[in-house]
Amino acid sequence: MLTFMGSVAFFTSYPGVLSNELLVPAGLVLLAQAPSHLMTPLSYPWAGRHGIRIGESLGVVRGSLLRTAAIPLMCVLVVGVGARALPALMVLHAVMGLSFALIQVNGPILLAQIHPGGRGQGVGTYHAAVGTGTLLGALVTFVLLRIYPYQVSYVFSIAMTILGGLCLYTAHKRWVRSTVHEPPLQSNV
């Protein structure tokens with residue numbers, strides 16, 4: 001939820017900041033975002049195979065870590081470099097598309113496997129977290145932009161993204177430790 005909250009907080013204000021604050025033409029703003037929209041559907045099959053090969057938990061963590069690195073870099077580029085950063089922003093948008101594919105493919109599978117209520121509740125829990133994070137990210141950004149300059153919403157975005165990445169990384173380590181080090185089943189024979 002925190003990871004999606006952070007990324008939605010950034011992307012809620014991102015087009016407006018580029019257009020209104022940095023005076024980037026709307027067509028270039030859309031062009032900067034195109035690699036993300038292209039990379040996500042192209043990466044879905046690979047993300048599924050990658051999750052099977054390395055484990056869904058690690059697939060989610062890798063996607064989250066990519067996003068945790070990309071969002072702060074995007075914020076710094078927008079604030080520090082402005083419109084001249086469009087080529088670098090396009091590369092980071094492609095990274096965001098790849099990270100989204102890793103999280104979207106492997107997240108529901110992982111929760112479906114480990115949720116105590118079963119597969120359906122696991123997938124429902126995953127989508128509830130994504131929806132709640134998306135809603136809260138947009139809502140908090142709206143409030144922040146009404147009170148503070150856009151840079152404050154970027155600080156919030158970075159904080160939520162990093163916190164979400166750390167939570168997923170910690171959960172992954174705990175998950176691996178609990179599943180790998182379980183004592184073997186003893187036979188009653």
Side-chain angles (χ1 to χ4, degrees), residues 1-16 30 33-75 92-145 153-154 156-179:
M1 182 175 78
L2 293 172
T3 301
F4 277 90
M5 198 163 132
S7 62
V8 167
F10 173 72
F11 285 111
T12 299
S13 63
Y14 174 71
L30 293 174
Q33 295 175 342
S36 175
H37 301 302
L38 184 62
M39 184 61 91
T40 298
L42 291 176
S43 299
Y44 278 141
W46 171 84
R49 289 189 305 274
H50 189 65
I52 290 169
R53 189 170 54 253
I54 66 167
E56 286 83 7
S57 178
L58 189 55
V60 171
V61 168
R62 285 185 177 172
S64 177
L65 291 177
L66 283 173
R67 182 170 285 197
T68 301
I71 291 283
L73 285 173
M74 291 176 98
C75 290
L92 289 172
H93 269 288
V95 170
M96 289 295 292
L98 178 63
S99 76
F100 186 75
L102 281 166
I103 294 168
Q104 280 296 96
V105 169
N106 294 295
I109 293 170
L110 176 64
L111 273 178
Q113 291 172 350
I114 65 173
H115 198 282
R119 290 184 315 205
Q121 284 186 349
V123 172
T125 299
Y126 172 81
H127 288 293
V130 169
T132 302
T134 300
L135 177 67
L136 289 175
L139 180 64
V140 170
T141 301
F142 169 75
V143 171
L144 289 175
L145 289 173
S153 71
Y154 282 13
F156 172 76
S157 173
I158 291 170
M160 291 301 101
T161 304
I162 290 173
L163 187 58
L166 289 173
C167 287
L168 283 172
Y169 180 75
T170 302
H172 165 72
K173 288 294 189 189
R174 189 172 296 147
W175 164 257
V176 169
R177 215 176 13 254
S178 70
T179 57

Do R67 and S7 have side-chain atoms, one donor and one acceptor, less than 3.5 Å apart? yes
For a quick test of reading the model, state the closest non-hydrogen atom pair linking [X] to [Y] and the distance between them.
{"X": "V60", "Y": "G107", "result": "CG2-N, 3.4 Å"}
{"X": "S153", "Y": "L145", "result": "OG-CD2, 3.9 Å"}
{"X": "N106", "Y": "G59", "result": "ND2-CA, 4.0 Å"}
{"X": "L98", "Y": "L66", "result": "CD2-CD1, 4.0 Å"}

So, the side chain of S157 versus the backbone of G6: is there a donor-acceptor pair under 3.5 Å, distance only? yes
Expected output: side-chain S64 to main-chain V61 donor-acceptor under 3.5 Å: no
Does F11 have its ring centroid less than 6.0 Å away from the ring centroid of H93? yes
Show your reasoning for whether side chain to side chain contact (heavy atoms under 4.5 Å, CB included) applies to L136 and M160. CA-CA 11 Å; L136 289 175; M160 291 301 101; over 6 Å; no
[atom1] of [X] to [atom2] of [Y]: how many Å apart, nearest 0.5 Å?
{"X": "T161", "Y": "L65", "atom1": "OG1", "atom2": "CG", "result": "12.0 Å"}
{"X": "L73", "Y": "M96", "atom1": "CG", "atom2": "CE", "result": "11.0 Å"}
{"X": "L58", "Y": "R53", "atom1": "CG", "atom2": "CZ", "result": "11.0 Å"}
{"X": "I162", "Y": "L2", "atom1": "CD1", "atom2": "CG", "result": "12.0 Å"}
{"X": "L42", "Y": "L38", "atom1": "CG", "atom2": "CG", "result": "4.5 Å"}
{"X": "I54", "Y": "L102", "atom1": "CD1", "atom2": "CG", "result": "7.5 Å"}

As a quick check of understanding, evaluate side chain to side chain contact (heavy atoms under 4.5 Å, CB included) for I103 and F4, giving each step before the final call. CA-CA 10 Å; I103 294 168; F4 277 90; 3.8 Å; yes
With heavy-atom distances below 4.5 Å as the criterion, would you say the side chains of Y154 and S13 are in contact? yes
Could you go through the side chain to side chain contact (heavy atoms under 4.5 Å, CB included) check for T141 and F10 one step at a time? CA-CA 8 Å; T141 301; F10 173 72; over 6 Å; no
Could you walk me through whether F100 and S36 pass side chain to side chain contact (heavy atoms under 4.5 Å, CB included), step by step? CA-CA 9 Å; F100 186 75; S36 175; over 6 Å; no
